[in-house]
Chemist: 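My questions will all concern the structure given below.
Below, all heavy atoms of this structure are taken into account, side chains as well, without hydrogens, waters or symmetry copies. On a predicted model such as this, the values are computed, not experimentally measured, just so you know.
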Amino acid sequence: MIVGAAIGSTLIPSRALANCTISSVTGLNFGAYSSFDAAPNDATGRFVFVCTDVQAPVTIRLSSGAANSFTPRQMVLGTARLSYNLYIDTARTQIWGDGTGGSSLRTLTPVNNAPTSLDIFGRIPPRQFIPAGSYTDTIVITIQF
């Protein structure tokens, strides 16, 4: 028979796990592309994410998509390829990627539990002679903290 027992324990404050969640994505829609236009075809997309308990800056990477390269990325239609790229800035000078192959990363400190909206600027260079049709690419967005 145990008359008295002391049970020792150390309480460690519970801490929520930090996380970031993408809540919405508006893809880039370049509209109709003409191989005969002398000007590039530009479009803007956007994604919104929310981070919880992230205490430091986050780094946002975009994958290279179907091209496996950032210079240039390529949309596809069967075997046909249409070169394009995605940029961090409105001037379309910094290719948004993963920091390799001539690309840059986007780093920022999100406000805890508040939506953060980021634009993605796209450009299709002019004078690419390709078959008509709907060209697509899939880009993976990675938020690292």
Side-chain angles (χ1 to χ4, degrees), residues 6-145:
I7 299 175
S9 66
T10 303
L11 296 177
I12 300 173
S14 175
R15 199 169 156 207
L17 293 176
N19 73 31
C20 294
T21 304
I22 296 174
S23 57
S24 69
V25 176
T26 303
L28 285 82
N29 183 345
F30 290 97
Y33 175 80
S34 172
S35 298
F36 299 103
D37 285 345
N41 190 340
D42 291 344
T44 302
R46 172 176 288 169
F47 70 98
V48 178
F49 66 97
V50 177
C51 291
T52 304
D53 293 323
V54 175
Q55 305 298 319
V58 297
T59 301
I60 301 158
R61 295 173 161 78
L62 300 184
S63 70
S64 58
N68 294 320
S69 168
F70 295 107
T71 53
R73 285 180 167 97
Q74 294 180 331
M75 289 183 270
V76 296
L77 173 64
T79 59
R81 304 244 172 194
L82 177 62
S83 295
Y84 79 104
N85 229 319
L86 303 174
Y87 301 88
I88 292 173
D89 58 323
T90 57
R92 293 166 172 82
T93 60
Q94 294 179 322
I95 296 171
W96 196 344
D98 65 3
T100 65
S103 71
S104 299
L105 302 168
R106 179 83 191 261
T107 301
L108 58 94
T109 302
V111 176
N112 192 34
N113 292 322
T116 301
S117 177
L118 291 178
D119 289 332
I120 302 172
F121 304 97
R123 174 169 284 167
I124 300 173
R127 309 246 184 217
Q128 297 181 64
F129 296 94
I130 52 161
S134 294
Y135 288 75
T136 62
D137 196 8
T138 301
I139 301 297
V140 176
I141 301 168
T142 304
I143 301 172
Q144 181 180 359
F145 49 92

Chemist: Considering all heavy atoms of both residues, which atom of Pro57 and which atom of Thr107 are nearest to each other, and what is their separation?
Modeler: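 Nearest heavy atoms, Pro57 then Thr107: CB-CG2, 3.8 Å.
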Chemist: Over 60° means perpendicular and under 30° means parallel, so classify the ring planes of Phe30 and Tyr84, tilted if in between.
Modeler: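 Rings of Tyr84 and Phe30: perpendicular, over 60°.
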Chemist: For a 4.5 angstrom cut-off between non-hydrogen side-chain atoms, does Pro40 reach Pro125?
Modeler: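 Side-chain contact under 4.5 Å: no.
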Chemist: Where do Ile95 and Thr71 land on the side chain to side chain contact (heavy atoms under 4.5 Å, CB included) test, with the steps shown first?
Modeler: CA-CA 8 Å; Ile95 296 171; Thr71 53; 3.7 Å; yes
Chemist: Using side-chain heavy atoms (C-beta onward) and a distance below 4.5 Å, is Cys51 in contact with Thr116?
Modeler: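 Side chain of Cys51 against side chain of Thr116, heavy atoms only: no contact under 4.5 Å found.
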Chemist: Has Arg73 got a side-chain atom pairing as donor or acceptor with Ser63's backbone, closer than 3.5 angstrom?
Modeler: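 Yes, because the side chain of Arg73 sits within donor-acceptor range (under 3.5 Å) of the backbone of Ser63.
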Chemist: Atom CE of Met75 and atom OG1 of Thr138: how far apart are they, to the nearest 0.5 Å?
Modeler: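 Spacing of CE (Met75) from OG1 (Thr138) equals 11.5 Å.
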Chemist: Between the side chains of Asn113 and Thr52, does any donor sit under 3.5 Å from an acceptor?
Modeler: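 Their side chains do contain a donor-acceptor pair, which is all the 3.5 Å distance test asks for.
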Chemist: If you look at every heavy atom in Pro126 and Ala39, which pair is closest and at what distance?
Modeler: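 Scanning both residues completely, I find the closest heavy atoms to be CB-O, 3.6 Å.
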Chemist: Work out which heavy atom in Pro115 is nearest to a heavy atom in Val48; give both atom names and the distance.
Modeler: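 Heavy atoms only, the tightest pair is CB-CG1, 3.8 Å.
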Chemist: With a 3.5 Å distance limit and no angle check, can you tell me whether Asn41 reaches the backbone of Ala32 through a side-chain donor-acceptor pair?
Modeler: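 Present.
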Chemist: Say whether, by atom type as modelled, one donor and one acceptor occur between the side chain of Asp42 and the main chain of Arg123 under 3.5 angstrom.
Modeler: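 Checked: no pair found.
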Chemist: With side chain to side chain contact (heavy atoms under 4.5 Å, CB included) as the test, would you mind laying out the steps for Leu77 and Leu82 before giving the verdict?
Modeler: CA-CA 8 Å; Leu77 173 64; Leu82 177 62; over 6 Å; no
Chemist: Can you measure from CG (Asp89) to CH2 (Trp96) and round to the nearest 0.5 angstrom?
Modeler: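 Answer for the CG-CH2 pair, Asp89 versus Trp96, is 10.5 Å.
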Chemist: Nearest 0.5 Å, what's the CD1-OH distance between Ile124 and Tyr135?
Modeler: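 OH of Tyr135 is found 10.5 Å from CD1 of Ile124.
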Chemist: Side chains of Ile139 and Leu86, heavy atoms from C-beta outward: is any pair under 4.5 Å?
Modeler: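 A side-chain contact under 4.5 Å exists here.
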Chemist: Any chance you could measure Ile88, atom CD1, to Ile120, atom CD1, to the nearest 0.5 Å?
Modeler: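 The CD1 atom of Ile88 sits 10.0 Å away from the CD1 atom of Ile120.
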Chemist: Is Thr21 close to Phe49 at the side-chain level, that is, under 4.5 Å between some pair of heavy atoms?
Modeler: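 A side-chain contact under 4.5 Å is absent here.
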Chemist: Quick check against the 3.5 Å criterion: does Asp98 have a side-chain atom that pairs as donor or acceptor with the backbone of Thr100?
Modeler: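 Checked: pair present.
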Chemist: Any side-chain heavy atom of Phe47 sitting closer than 4.5 Å to one from Thr26?
Modeler: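 They are not in side-chain contact.
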Chemist: Do Ile130 and Ser35 come within less than 4.5 Å of each other through their side chains, counting heavy atoms only?
Modeler: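 With C-beta onward as the side chain, the pair touches.
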Chemist: Between Ala18 and Asp53, which heavy-atom pair has the shortest distance, and what is it?
Modeler: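 Shortest heavy-atom separation between Ala18 and Asp53 comes out as CB-O, 3.3 Å.
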Chemist: Of all the heavy-atom pairs spanning Gln74 and Ala67, show the shortest one and how long it is.
Modeler: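 In this case the closest contact between Gln74 and Ala67 is N-CB, 3.5 Å.
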Chemist: Kindly indicate, with the supporting measurements, whether the criterion side-chain hydrogen bond (donor to acceptor under 3.5 Å, both in side chains) is fulfilled by Ser117 and Arg46.
Modeler: CA-CA 7 Å; Ser117 177; Arg46 172 176 288 169; 3.2 Å; yes
Chemist: Rounded to the nearest 0.5 Å, what separates atom CG in Leu105 from atom CD1 in Ile60?
Modeler: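 That separation rounds to 10.0 Å.
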Chemist: Might you point out which heavy atoms bring Tyr87 and Thr93 nearest each other, and give the distance in Å?
Modeler: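 It is CD2-N, 3.8 Å.
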Chemist: Evaluate the side-chain proximity of Gln128 to Tyr33: yes if any heavy-atom separation is below 4.5 Å, no if none is.
Modeler: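 When only atoms from C-beta onward are counted, Gln128 and Tyr33 do touch, with a gap below 4.5 Å.
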Chemist: Rounded to the nearest 0.5 Å, how far apart are CZ of Arg106 and CG of Leu62?
Modeler: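 Reported value, rounded in 0.5 Å steps: 10.5 Å.
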Chemist: Flag the pair Pro110 / Val58 as yes when at least one side-chain heavy-atom distance between them is below 4.5 Å, and no otherwise.
Modeler: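 They are in contact (side-chain heavy atoms under 4.5 Å apart), so the answer is yes.
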